[in-house]
Amino acid sequence: MNVENRTIFENDNLQVLRDLDTDTIDLIYLDPPFNSNRTFEAPVSSEAAGTGFKDSWTLDDLDNASHGELAEKQPQLYHTISAAEFSHGKAMKAYLIMMSIRMLEMHRILKPTGTLYLHCDDNASHYLKMVMDSIFGKDNFRNEIIWQRAVTSKGNLKKGLARDSDVIFRYSKTNTFVWNPKAVTIPYDMANLDEKTKKQYAYVEPDTGRLVSYTSLTAQTQDPDSHLTYEIMGVTRTWRWAEARMHKEIKAGRIVQIRPGNVPRYKRYLDEQKGRTLNNIWTDIPNLTAKNKERIGYPTQKPLALLERIIRASSNPNDMVLDPFCGCATTCVAAERLQRQWIGIDLSPKSFELVQRRLEQHGIIKQIHHRTDIPSP
Ligand SMILES: C[S@@+](CC[C@H](N)C(=O)[O-])C[C@H]1O[C@@H](n2cnc3c(N)ncnc32)[C@H](O)[C@@H]1O
């Protein structure tokens with residue numbers, strides 16, 4: 001099926017996913033129901049009033065055809081799901097079947113260079129990991145991102161620790177995938193440096209006021225026979241660099257000896273560094289509070305900053321981004337802002353209206369396509 005950029009499908013995503021062409025999508029982000037056994041509703045007074053969804057599952061929710069199809073065509077995956085039923089019960093089985101039949105389609109429509117991010121939490125993350133390994137292959141598992149979405153205040157320890165994080169699994173379709181390291185390198189905020197960086201760049205250069213660290217130039221192992229062992233500024237050591245590079249840096253004034261006889265060190269300026277590289281634990285993007293300007297009241301609305309980071313990291317401009325559980329279309333807004341193409345799918349009739357309104361709020365007026373048909377092949 002041919003789908004235009006900027007399309008919102010108001011439908012069960014299974015129908016739409018089944019009709020999308022194989023190997024056509026660059027990036028999929030999904031934030032499905034988490035199997036939380038709750039029902040979500042937007043506050044009546046919010047822009048998203050009238051939206052909501054049920055997140056409790058029974059085998060009766062599934063259509064028999066997809067259940068049977070999974071058991072017949074994907075016996076290994078079905079065994080994995082049955083194991084989850086033994087340890088967690090029928091609701092988990094129902095939830096995992098619902099997710100698996102959709103995930104198989106998502107895997108099919110991803111381009112070979114494509115990536116999928118599955119947002120979930122500890123209600124089902126361990127079981128979903130098994131499903132994902134089975135569908136994508138364990139070697140295509142790339143990251144488990146822990147997103148710290150809240151910092152619960154003190155005094156909440158009566159029964160245990162607060163559950164303040166979500167899990168986002170990152171899987172690629174093959175081992176050749178789009179990955180942009182710049183997107184996970186955070187420039188230093190010079191006015192608000194973290195303690196670790198402050199400690200590392202503890203010196204202020206008198207003439208310029210620039211923050212400096214003096215880093216070691218010696219090799220980890222000292223080897224008198226190495227070609228890296230030579231003398232500079234009256235000190236002989238095994239160095240990290242060959243002599244030619246060392247002399248170039250000395251000429252540039254980047255090697256300093258605090259006092260005669262001291263081991264020379266390299267002068268590294270903070271303002272020349274690219275920034276802090278993120279790891280898989282993301283603590284710098286807070287969830288939206290009721291007062292946040294971005295908040296439109298949609299239950300489970302995710303911050304744009306989270307989606308922008310994911311889209312930047314795993315796609316390039318003009319790539320096609322799909323969110324099959326798009327809610328108030330945060331992924332679509334983020335994709336539009338980053339000059340990507342996008343498709344959103346949600347059962348809710350509100351998604352189309354909300355994405356239009358949100359894009360207008362960001363000063364973006366574009367024609368959005370709204371499809372309520374069940375596409376035919
Ligand atoms: C957790 S919310 C997504 C929130 C979204 N990430 C955002 O920032 O607004 C999950 C969404 O999945 C939708 N949904 C649940 N089952 C669906 C299905 N089978 N097909 C399409 N959408 C579905 C719900 O209507 C809900 O909007």
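Both ligands and their constituent atoms are indexed starting at 1 by order of listing. Heavy-atom basis, side chains included; hydrogens, waters and symmetry copies ignored.
A side-chain hydrogen bond (donor to acceptor under 3.5 Å, both in side chains) with Glu336 is found for exactly one of Gln341, Arg6, Arg358, His362, namely Arg6. With respect to Leu217, the side chain to side chain contact (heavy atoms under 4.5 Å, CB included) criterion is satisfied by exactly one of Val235, Ile255, Val263: Ile255.
Annotation: ring-ring contact (aromatic ring centres under 6.0 Å, His included) contacts involving residues 254-281, sequence neighbours excluded, comprise Trp241-Tyr266.
Salt-bridge formation is not detected for the pair Asp121/Arg163: no Lys NZ or Arg NE/NH1/NH2 atom is positioned less than 4.0 Å from an Asp or Glu carboxylate oxygen.
For a heavy-atom separation below 4.0 Å, the residues in contact with ligand 1 are Asn11, Asp12, Asn13, Asp31, Pro33, Phe53, Arg102, Tyr298, Thr300, Gln301, Lys302, Pro324, Phe325, Cys326, Gly327, Cys328, Thr330, Asp346, Leu347.
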Expected list for residues 246-253: side-chain donor-acceptor pairs under 3.5 angstrom, two or more places apart:
from	atom 1	to	atom 2	distance (Å)
Glu249	OE2	Arg245	NE	3.0
Glu249	OE2	Arg245	NH2	3.3

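The hydrophobic cluster containing Leu306, built from Ile/Leu/Val/Met/Phe/Trp/Tyr side-chain heavy atoms closer than 4.5 Å, also comprises Leu27, Tyr29, Tyr117, Ile145, Trp147, Ile168, Phe177, Trp179, Val184, Ile186, Leu278, Trp282, Ile285, Leu307, Ile310, Ile311, Val321, Leu338.
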